[in-house]
Amino acid sequence: MLSIGAVLAFLRDDFPEVTISKIRFLEAEGLVEPQRTPSGYRKFSPADVERLAYVLRMQRDHYLPLRVIREHLDAIERGESPPALPPSADARPGPLEEADRELGVSAEGTSGVRLGRAELLAAAEAGESELAEWESYGLVAPGPDGGFDGEALQVARLVSELGRYGLQPRHLRAMKAAAEREIALVEQVVAPLRRHRNPQTRAHAEATARELATLSVRLHAAMVQAGLRSRP
């Protein structure tokens with residue numbers, strides 16, 4: 001049985017970016033269930049470590065969302081073969097495919113989410129100082145109750161990922177400004193529908209706003225993909 005620190009040291013040989021916060025987050029998501037000592041310390045079995053390595057490998061090499069990885073693990077536990085895997089890192093999807101994946105993950109995994117500050121930090125694998133900086137640049141904002149919704153969680157995760165490549169919040173101000181301009185365009189289209197007295201028309205306004213947001217993200221990703229391909 002290994003402590004969480006020993007597990008971290010073992011996994012870092014193959015997964016240098018794994019952190020204790022990441023392991024705790026995967027536990028909170030039900031991907032691994034370590035035993036607890038009477039004093040509350042986690043103790044991981046070899047099977048637990050193997051599960052963690054599988055999860056990290058599926059995320060790194062195949063970009064699978066946690067829901068799909070959980071299905072794989074459940075199939076393995078039943079003695080069945082897991083579903084066929086998508087392409088490996090040698091055939092990594094481009095920006096458009098990644099955008100579609102992110103939109104799918106957001107739709108399936110963040111609806112109705114409400115997180116406290118500590119939970120958001122654990123989910124995004126970030127520190128308090130990082131979150132404070134994101135807030136200062138308007139990238140992430142709590143709700144009136146001080147909690148964070150699913151969209152804030154998604155933004156925090158993406159900002160955290162970009163930070164690993166050296167992109168700081170000050171670099172993302174242009175993205176924030178572009179998003180606000182896109183929001184204004186969507187509002188121009190749906191505002192008349194939202195003011196309508198018919199409840200069905202107002203519901204149509206919300207559906208239209210979501211569809212326009214999705215198309216906007218896909219257009220941005222397609223433009224990035226086209227631009228990258230045109231570079232020598």
Side-chain angles (χ1 to χ4, degrees), residues 25 28-31 59 63-71 74 83 86 93-126 131-162 169 172-226:
F25 172 67
E29 292 291 311
L31 276 301
Q59 287 187 310
Y63 318 103
L64 297 185
L66 294 182
R67 176 185 60 81
V68 175
I69 297 175
R70 189 179 294 108
E71 292 173 358
D74 290 344
L96 184 56
E97 293 80 8
E98 287 281 14
D100 284 342
R101 182 184 71 84
E102 286 294 340
L103 288 169
V105 169
S106 179
E108 77 187 18
T110 62
S111 178
V113 168
R114 203 69 190 166
L115 299 175
R117 199 171 187 86
E119 293 171 312
L120 181 76
L121 291 173
E125 300 180 38
L131 178 54
E133 188 177 14
W134 300 344
E135 290 175 317
S136 71
Y137 282 95
L139 301 175
V140 178
D145 61 353
F148 297 87
D149 59 20
E151 284 75 19
L153 170 60
Q154 195 75 355
V155 169
R157 284 173 168 168
L158 293 171
V159 171
S160 180
E161 286 290 329
L162 288 168
L172 305 181
R173 285 181 295 185
M175 294 185 184
K176 172 69 173 175
E180 290 174 348
R181 287 194 294 270
E182 290 170 13
I183 291 168
L185 289 173
V186 172
E187 284 295 325
Q188 287 181 19
V189 175
V190 301
L193 299 175
R194 284 177 172 160
R195 291 194 295 266
H196 205 280
R197 292 182 178 180
N198 189 325
Q200 291 183 336
T201 302
R202 293 198 299 270
H204 176 63
E206 299 308 315
T208 300
R210 288 193 297 272
E211 179 65 18
L212 288 173
T214 299
L215 291 172
S216 175
V217 171
R218 297 190 81 247
L219 175 61
H220 177 82
M223 289 179 170
V224 171
Q225 183 167 279

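Just so you know, residue 1 is the first one in the sequence shown, and it goes up from there.
Closest non-hydrogen pair, S160 versus A124, comes out as OG-O, 2.9 Å. Here the closest heavy-atom approach between residue V140 and residue A152 is recorded as CG1-CB, 4.2 Å. In plain terms, the two heavy atoms of P169 and W134 that are nearest each other are CG-CD1, 3.6 Å. Of all non-hydrogen atoms in V190 and A209, the two that sit nearest each other are CG1-N, 3.9 Å.
Residues meeting the side-chain hydrogen bond (donor to acceptor under 3.5 Å, both in side chains) test with R173, sequence neighbours left out: none. In terms of the side-chain hydrogen bond (donor to acceptor under 3.5 Å, both in side chains) criterion, residue partners of E135 (sequence neighbours excluded) are, by chain and number, R117. For the side-chain hydrogen bond (donor to acceptor under 3.5 Å, both in side chains) test, residues two or more places apart in sequence or in another chain that qualify with T208 are H204. For E161, the salt bridge (Lys or Arg N to Asp or Glu O under 4.0 Å) criterion is met by R164, not counting sequence neighbours. When the side-chain contact (heavy atoms from CB on, under 4.5 Å) test is applied to Q59, the partners found at least two apart in sequence or on another chain are K22, V55, L56, L66, I69. Shown here are the side-chain contact (heavy atoms from CB on, under 4.5 Å) partners of T201, two or more places apart in sequence or in another chain: L193, H196, N198. Partners of A123 according to the side-chain contact (heavy atoms from CB on, under 4.5 Å) rule, which considers only residues two or more places apart in sequence or in another chain, are F25, L153, R157. Under the rule for a salt bridge (Lys or Arg N to Asp or Glu O under 4.0 Å), R70 has no partner lying at least two apart in sequence or in another chain.
In this structure the side chain of L172 never reaches within 4.5 angstrom of the side chain of Y137, judged on heavy atoms.
Atom CZ of R210 sits about 9.0 Å away from atom OG1 of T214, to the nearest 0.5 Å.
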Side-chain donor/acceptor pairs under 3.5 Å, residues 175-185, sequence neighbours excluded:
residue	atom	partner	partner atom	Å
K176	NZ	G138	O	3.0
E182	OE1	S216	OG	2.7

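Here salt bridge (charged side-chain N to carboxylate O under 4.0 Å, His left out) pairs that include residues 189-203, with residues two or more places apart or in two chains, are E187-R194, R194-E206.
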